[in-house]
Amino acid sequence: MSGDELEISFSTSTTKNDASTHGAGSASSSVSENDCAKEDVRSSNKDTAADFNKYSPDSNKTTHDSPSAINKSANDASSKFIVKKLKELYHSHVVEAEKRYHLHFNFCLPTDGEIKDSEFDATPMVLLIGQYSTGKTTFISHLLGEDFPGMHIGPEPTTDKFMALFYGGDRSDDSSPDDTSEMFKSGFHKKGRCMKQDHDRSEFVATDDFVPAPGKLVKGNTLTVTPSLPFSSLSQFGSAFLNHFVGSSSSSPLLKRITFIDTPGVLSGEKQRINRAYDFAKVAKWFADRSDLILLLFDAHKLDISDEFKNVIDTIRQYNDDKIRCVLNKADAVTRDQLVRVYGSLMWSMGKIFTNSPEVVRVYTGSYWNGGLINHDFEQMFEKDEQLLVRELVDLPRCAAERKVNQMVNRIRLVKVHVCILGTLRSLTPAFFGKRKSREYIMNNLNVIMENVRVQFDLSKGDMPDPVEFGNCLENFPDFSVFPPIDSALIQSLNRLIEEDIPCIVSDAEIVASDVRLRRNKNEDKSAIQDEIVEETTELCTGRLVDPKPSKL
């Protein structure tokens with residue numbers, strides 16, 4: 001997706017909030033329709049949400065022959081080619097090695113099981129995690145510019161399900177263009193009168209004067225059997241989880257390119273473990289492994305990180321450190337001095353959790369809701385951070401193919417490491433007698449054995465699994481003779497994938513993009529250009545991998 005197409009504009013507040021709007025002692029029992037109309041105008045002027053509809057890929061402002069449209073078409077063709085070739089490479093070389101060495105669900109790969117085709121084809125995924133009432137659902141509504149089906153906001157733990165928000169087609173023709181435009185400005189689908197605002201600044205209260213948000217809800221079991229959605233492997237968690245998993249299909253333009261995952265608030269104490277019939281941390285890990293960005297939301301009023309929340313963060317961190325960002329929400333409701341202390345406390349807490357990383361986690365500070373700011377001391381900083389956050393979100397689709405390449409290379413390197421270690425354990429296990437004694441020796445000397453394997457096969461220290469965690473995985477195998485012996489041909493094949501085949505795919509993807517730009521500039525027929533070029537380059541790349549002499553395009 002071209003950066004020119006996704007330039008983000010923000011409406012800036014030009015009027016100060018009336019103190020009585022957020023005052024704790026103020027109350028209003030009724031509002032006239034004229035006053036509501038005026039308040040609607042003021043509210044729309046004060047919104048800081050990005051107007052994604054204006055900058056969606058289908059915007060009429062971008063003609064099909066403009067440079068940005070040509071670049072977008074070229075990038076889409078390149079991404080399509082990369083995803084297609086990565087799927088072929090994974091299914092033909094990698095997945096069989098994973099099955100032979102029992103890696104699925106037994107050892108710590110970036111994703112536990114086999115990567116499904118729907119996961120390759122999925123749009124970028126953004127995961128939101130936080131303690132209850134930190135504003136996760138309001139945050140999503142703020143970015144989308146509208147309500148979505150199944151949305152429930154309140155000061156109590158309201159979101160009791162994992163919710164996937166995905167694109168469900170264009171909006172129905174029931175609403176006029178003026179109604180749609182107003183809905184995107186305010187974030188709420190109006191029927192005729194305004195929305196009452198609770199005296200607590202954090203919530204809007206929906207009344208009968210509003211129609212439901214457009215879209216539909218899809219149950220968890222249905223999501224796992226829908227081929228176009230990347231949720232099929234969630235069936236491993238059973239009905240206990242699937243009964244608490246729902247999909248929200250909406251027509252927001254942003255969802256064409258990004259899928260959001262809203263999660264229940266992390267509870268404190270035994271409620272986190274006992275009151276849920278599924279393992280929250282493991283489910284969060286499943287989504288984190290497949291997400292392109294992970295947002296940890298914090299409330300400026302209750303920054304204490306519970307032990308349960310820390311456990312969830314530690315669980316999702318493996319292989320996902322580079323995806324994690326922090327969002328300090330509701331920061332406008334504290335004073336200047338309080339915000340400085342809260343920000344410092346958050347950074348100190350994150351430093352204690354990310355102990356093995358010298359880098360500081362990126363923190364976005366602001367007030368992510370559809371109302372105005374309470375405290376305007378840091379208004380410019382809030383607006384700048386929101387722009388940076390939204391820019392990172394809308395850049396996700398443009399870099400999706402590159403991230404898939406990175407994830408595939410990382411997975412192949414880890415598969416190679418496991419093949420070398422498990423094959424060595426098999427060679428140390430006798431065929432008939434003494435298996436128990438041999439197993440005890442291996443488990444007691446696992447650190448030394450893994451270090452010898454690393455030196456023997458010239459493996460990187462950064463790719464080696466943690467010996468303690470790896471030993472816990474081996475506890476599931478009473479007999480190490482179930483692992484195949486060391487396969488030198490397989491190791492060479494995995495090396496060739498990283499050193500030759502994947503670089504070839506990336507190089508040919510650039511050729512695909514260049515050819516699309518060339519044909520578009522020549523005003524050739526655009527209907528089948530992308531598919532035609534992808535097929536042509538696929539044939540060339542396939543021949544190149546077989547023939548040591550590269551074919552000339």
Side-chain angles (χ1 to χ4, degrees), residues 1 5-13 39-61 123-124 126 128 135-153 163-172 174-191 194-195 197 202-204 206 210-215 248-262 295 297 327 329 364 366-373 382-383 385-397:
M1 183 179 298
E5 290 179 79
L6 290 172
E7 181 182 359
I8 304 302
S9 70
F10 292 81
S11 57
T12 306
S13 174
E39 182 63 28
D40 289 341
V41 174
R42 288 195 297 268
S43 176
S44 63
N45 289 334
K46 287 183 284 186
D47 284 341
T48 57
D51 187 359
F52 289 103
N53 189 33
K54 180 179 179 181
Y55 299 97
S56 66
D58 299 329
S59 175
N60 295 328
K61 293 187 177 182
T123 57
V126 177
L128 283 80
K136 298 184 295 295
T137 304
T138 305
F139 176 89
I140 297 176
S141 173
H142 176 65
L143 291 180
L144 298 182
E146 61 178 341
D147 283 3
F148 51 86
M151 171 180 169
H152 184 197
I153 298 174
M163 178 176 289
L165 283 82
F166 52 88
Y167 186 69
D170 294 331
R171 192 180 308 277
S172 63
D174 297 338
S175 58
S176 64
D178 293 340
D179 294 336
T180 304
S181 175
E182 181 64 22
M183 181 184 63
F184 271 94
K185 288 180 182 178
S186 66
F188 297 94
H189 196 178
K190 295 180 175 57
K191 182 179 179 182
C194 74
M195 177 170 286
Q197 186 176 350
S202 62
E203 312 302 336
F204 278 113
F210 292 81
V211 299
S248 178
S249 171
S250 178
S251 57
S252 173
L254 179 59
L255 295 180
K256 289 184 178 181
R257 297 283 178 159
I258 298 177
T259 297
F260 287 94
I261 305 297
D262 191 11
L295 298 179
L297 270 75
V327 176
N329 199 15
Y364 295 103
S367 180
Y368 299 92
W369 71 315
N370 289 325
L373 299 177
F382 295 162
E383 291 179 356
D385 272 14
E386 182 167 355
Q387 291 181 32
L388 293 175
L389 175 56
V390 174
R391 170 58 61 185
E392 185 168 9
L393 288 172
V394 297
D395 279 347
L396 290 178

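The side-chain heavy atoms of Thr259 and Pro124, taken from C-beta on, include no pair separated by under 4.5 Å. Counting only heavy atoms from C-beta outward, the side chains of Ser367 and Glu386 never approach each other to under 4.5 Å. Contact check for Leu295 versus Leu389: side-chain heavy atoms found under the 4.5 Å cut-off. Contact of the Glu146 side chain with the Ser252 side chain is registered, since non-hydrogen atoms from C-beta on lie closer than 4.5 Å. Considering only heavy atoms from C-beta on, Phe260 comes within 4.5 Å of Leu144 through its side chain.
Checked against Tyr167 for a side chain to side chain contact (heavy atoms under 4.5 Å, CB included), the options Thr123, Leu254, Leu255 give a single hit: Leu255.
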Quiz prompt | Check against side chain to side chain contact (heavy atoms under 4.5 Å, CB included), Leu143 and Leu393 | solution = CA-CA 10 Å; Leu143 291 180; Leu393 288 172; 3.4 Å; yes

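One distance of note links NE2 of His142 with OG1 of Thr137; it measures 14.5 Å at 0.5 Å rounding.
Remark: Phe139 engages Tyr368 in a ring pair (Phe, Tyr, Trp, His ring centres under 6.0 Å) (not counting sequence neighbours). Taking the ring pair (Phe, Tyr, Trp, His ring centres under 6.0 Å) definition, one finds that Phe166 meets it with nothing, sequence neighbours left out. Every side-chain contact (heavy atoms from CB on, under 4.5 Å) that Ser248 has, sequence neighbours left out, goes to Phe148, Pro149, Met163, Leu165, Leu217.
Considering every non-hydrogen atom in both Leu128 and Lys136, the closest pair reads CD2-O, 3.7 Å. Annotation for Gly135 and Asn329: closest pair CA-ND2, 3.8 Å, computed over non-hydrogen atoms.
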